[in-house]
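Worksheet for the structure shown next.
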Amino acid sequence: MDALVEFDVKKLVDLFVQGDTLSIRVFMAPVSISFDVQDRLFNEISALKTHCL
């Protein structure tokens, strides 16, 4: 299970690095969390990305 989670995290990071918003949304779509929480995750990760550069 850890390998699967690690793969998903790496894929999500790659999509954020590429700035591919649509693919990020499509990637997160099958996750069983509400859209408002997905939006919050997206915004928080985006903020981290800009602070870390």
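Computed from a predicted model, the values in this text were never measured in an experiment.
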- prompt: Between Phe16 and Leu48, is any pair of side-chain heavy atoms under 4.5 Å apart?
  reply: no
- prompt: Asp36: what forms a side-chain hydrogen bond (donor to acceptor under 3.5 Å, both in side chains) with it, not counting sequence neighbours?
  reply: Ser34
- request: Only counting residues at least two apart or in another chain, list the ones meeting side chain to side chain contact (heavy atoms under 4.5 Å, CB included) with Asp8.
  value: Leu4, Phe27
task: Could you grab the distance from atom OG of Ser46 to atom CG of Asp39, nearest 0.5 Å is fine?
output: 10.5 Å
query: Atom NZ of Lys11 and atom CG of Leu15: how far apart are they, to the nearest 0.5 Å?
result: 5.0 Å
- prompt: Is any side-chain N of the basic residue among Lys10 and Glu6 closer than 4.0 Å to the acidic one's carboxylate O?
  reply: yes
query: Do Gln38 side-chain atoms and Arg25 backbone N/O form a donor-acceptor pair below 3.5 Å?
result: no
task: Show which residues join Val26 in its hydrophobic cluster (side-chain heavy-atom contacts under 4.5 Å, direct or indirect), or state none.
output: Leu22
